[in-house]
Every structure is written in structure tokens, then in C-alpha cells.
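By convention in this document, chain letters (A, B, ...) are assigned in the order of the sequence lines, proteins followed by strands, and residues within each chain are numbered from 1. Predicted, not measured: the structure shown is a model, and the values here were computed from it.
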2 protein chains.
Amino acid sequence: VKRTAVLVSSIGLFVAGAVPRTARAESSDAVRAAIVAALARFADALKRGDAAGAASIFASDATFVAPGNFIVGREAIMASYATRFQSRKYLDGSLTTVNVAVSGDMAQELGTSVFTIQLTGQAPSTVTGHYLSTWRKQRDGSWLIQADAPIADPAPAK
Amino acid sequence: VKRTAVLVSSIGLFVAGAVPRTARAESSDAVRAAIVAALARFADALKRGDAAGAASIFASDATFVAPGNFIVGREAIMASYATRFQSRKYLDGSLTTVNVAVSGDMAQELGTSVFTIQLTGQAPSTVTGHYLSTWRKQRDGSWLIQADAPIADPAPAK
């Protein structure tokens with residue numbers, strides 16, 4: 001009887017549209033691969049000084065957590081990168097995904113970053129950081145950043 | 001015929017254990033209320049200088065993103081708070097949840113913080129921040145922080 005009740009409940013969930021959501025579930029490895037590929041495109045965009053390219057891995061309603069404010073929306077994030085590129089070049093660098101956890105259409109990613117940055121008129125310096133990002137699966141199956149909180153490491157002692 | 005096929009698929013998911021997971025889904029409002037309540041307990045623990053209490057809203061395998069490293073596990077996070085409490089008191093303050101998004105057993109939260117902190121031997125100062133946290137539903141139905149990335153606002157000009 002219990003099994004029948006659960007089956008009926010499962011039919012109810014199908015009617016409510018919940019089962020197709022479950023049926024879309026991806027393996028954690030597949031999500032991780034999509035994230036790693038997106039971050040490689042992101043790092044390439046930084047090195048080109050391409051604000052639109054950098055912002056393209058963010059969802060249209062994504063939030064970037066900055067020191068002092070939330071930057072909300074891909075357009076605002078793109079403008080923020082454009083401003084950054086006016087005063088600095090990303091000479092080299094990459095992001096390294098340390099951990100990915102997936103639940104349905106949402107993924108949590110922990111990672112580290114290392115970039116060689118040159119502020120206009122200054123010598124290049126290496127900047128490292130640790131970050132937490134969340135990603136959301138889009139209707140076309142791609143994964144984009146929903147929220148990003150990058151925390152710069154303390155500057156090394158001189 | 002299509003409907004029957006999906007129904008059979010749904011039974012398959014039930015057998016695989018996926019439907020019970022979906023059946024546990026909570027409303028975003030309920031998750032938000034659980035998070036807000038946990039953060040109130042957290043702020044109270046900070047004001048008591050209670051490291052175990054502060055760490056109790058973190059999952060056993062949670063990650064705290066700090067400037068320079070990941071602090072992994074509730075025990076390590078508790079030790080980090082204990083160290084902080086040796087040199088500072090949290091006189092007052094709170095966290096404000098700005099946005100919560102839920103997918104299955106995972107939730108993403110964006111929020112802000114404001115605390116009046118007194119470093120030993122110094123005058124109290126107000127410290128504000130913006131943060132991204134992820135939360136995970138536990139087996140007992142409670143929600144605990146899975147990853148936390150708090151970003152301090154720039155210090156106000158003096």
C-alpha cells in the first residue's frame with residue numbers, strides 16, 4: 001500500500017512538472033567540465049582585455065560580490081570589467097576549480113586564482129585569490145555564473 | 001503514448017531514489033526563514049564570544065573562504081572563531097539576507113553584515129560587508145552553511 005501511495009505521489013509530481021526537472025540531472029563530472037571550460041574562456045577574455053567576453057560567463061541576472069557593493073546583472077558586470085581594463089592588463093593567469101557540488105540546476109564551485117597584473121605605469125605583480133561561485137544551468141543546457149565572491153589573498157610581505 | 005512513457009520513466013526514477021529527493025523540496029520562503037533564523041543564532045553567538053555556537057550553523061564539511069586560504073570543516077571554522085574572539089569582541093550587529101535561491105537540497109544566499117567590533121585595547125568600530133553563502137539541507141531537515149565567502153567593505157575614509 002505504501003509503495004502505491006508513493007507511486008501516486010510520483011504521478012502527482014509528474015503532473016506538477018517536477019519529474020522532468022529531476023530527469024535533466026547531470027553528473028557532477030559533466031558540470032565540472034563545463035565550469036572548467038567556461039573559466040578558461042574567462043581567463044582568455046581577461047588577457048585580451050575583452051569585457052564582453054569576461055561577462056559572457058555570467059548569467060544575465062548574476063551578482064558579483066565586490067568590496068562594498070553587489071554588482072547586479074551581466075551588463076553592470078561587463079561595465080565593471082571595462083573600467084578595470086582601463087587601468088590594468090592581465091598579462092597571464094588562470095583559475096583552478098578545487099571543488100564542485102551540484103544540486104539540480106545549481107552548482108557550487110570553490111576555486112583559486114592567480115594572475116599577473118600590470119597596473120598602468122607600474123611593474124607587473126602576481127595577485128592570487130580564493131573564491132566561491134554558484135552556477136546555474138541555462139535553458140540551452142549551458143552553465144553560467146549566478147553569483148561570484150572572489151576574495152583576494154593578502155599581499156605578500158615585501 | 002508519450003504520457004505513458006514519461007510515467008514509466010517517473011516510476012524508474014522512483015526506483016532509483018530520485019523522486020523522494022524531489023518530494024522533499026521546500027518552498028523558497030521556508031528555506032529563507034530557516035536561513036534567517038540560523039543567522040540570528042549566529043549573530044548571538046558572535047556577541048557571546050561563543051565559537052562552538054558560531055560554528056554550529058556550518059555543515060561538518062563546510063568551507064569558509066578566508067583571505068589567503070580555505071578553512072575546511074566545522075572544527076577548523078570553530079577554531080578560527082575562537083582565535084578571533086581572543087582579540088576582539090562583537091559588541092553588536094547582525095546579518096541581513098538579501099536574496100535566496102533554492103535548487104533541491106542546495107540554496108544560494110546573498111546578504112550584508114554590519115557589526116560593531118572592539119579590538120582589545122582599541123575603540124569600537126563598525127565593520128560592514130557583503131557575502132555569498134551556500135546552504136545545504138541536512139538529513140534532519142535543517143539547513144546549514146556549506147560554503148561562506150564574506151567580503152569586507154572598504155574601511156570608511158577617516
Side-chain angles (χ1 to χ4, degrees), chain A residues 3 6-25 59 61-72 98-99 101-112 128-137 145-156, chain B residues 3 6-25 59 61-72 98-99 101-112 128-137 145-156:
Chain A
R3 193 180 176 109
V6 174
L7 178 55
V8 170
S9 161
S10 130
I11 294 169
L13 286 166
F14 157 63
V15 171
V19 167
R21 169 175 287 262
T22 304
R24 285 202 310 270
D61 60 347
T63 300
F64 186 98
V65 187
N69 65 312
F70 293 123
I71 303 173
V72 181
V98 171
N99 179 271
V102 183
S103 178
D105 289 346
M106 189 185 292
Q108 164 199 300
E109 182 214 1
L110 291 158
T112 59
T128 59
H130 291 68
Y131 65 85
L132 168 63
S133 296
T134 58
W135 295 72
R136 184 168 282 279
K137 191 173 186 177
I145 292 179
Q146 188 65 43
D148 187 21
I151 297 182
D153 294 347
Chain B
R3 191 181 179 109
V6 175
L7 178 56
V8 169
S9 161
S10 133
I11 294 168
L13 287 167
F14 158 63
V15 171
V19 167
R21 169 176 286 263
T22 303
R24 284 202 311 272
D61 61 347
T63 299
F64 186 99
V65 186
N69 65 313
F70 292 123
I71 303 173
V72 180
V98 171
N99 180 271
V102 183
S103 177
D105 290 346
M106 188 185 293
Q108 163 201 301
E109 184 214 0
L110 291 159
T112 60
T128 59
H130 291 68
Y131 66 84
L132 167 63
S133 296
T134 58
W135 296 72
R136 184 169 282 279
K137 191 174 188 175
I145 292 178
Q146 188 64 44
D148 187 21
I151 299 182
D153 294 347

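- Contacts between B/Ala107 and chain A at a heavy-atom distance below 4.5 Å involve the backbone alone (N, CA, C, O).
- Only the backbone of A/Asp148 comes within contact range of chain B, with at least one heavy atom under 4.5 Å from a heavy atom of that chain.
- Residues satisfying the ring pair (Phe, Tyr, Trp, His ring centres under 6.0 Å) test with A/Phe70, not counting sequence neighbours, are B/His130.
- A pairwise comparison of heavy atoms in A/Met106 and B/Ala101 identifies CE-O, 3.4 Å as the closest pair.
- Of all heavy-atom pairs between B/Ser103 and A/Gly104, the closest is OG-CA, 3.7 Å.
- Per-residue heavy-atom pair counts under 4.5 Å with chain B were compared for A/Val98, A/Asn99, A/Asn69, and the maximum is reached by A/Asn69.
- Only the backbone of A/Ala152 comes within less than 4.5 Å of a heavy atom in chain B; its side chain stays farther off.
- With sequence neighbours excluded, the residues forming a side chain to side chain contact (heavy atoms under 4.5 Å, CB included) with B/Ala149 are A/Leu132, A/Ala149, A/Ile151, B/Val65, listed by chain and number.
- B/Gln108 approaches A/Thr134 most closely through the heavy-atom pair OE1-OG1, 2.6 Å.
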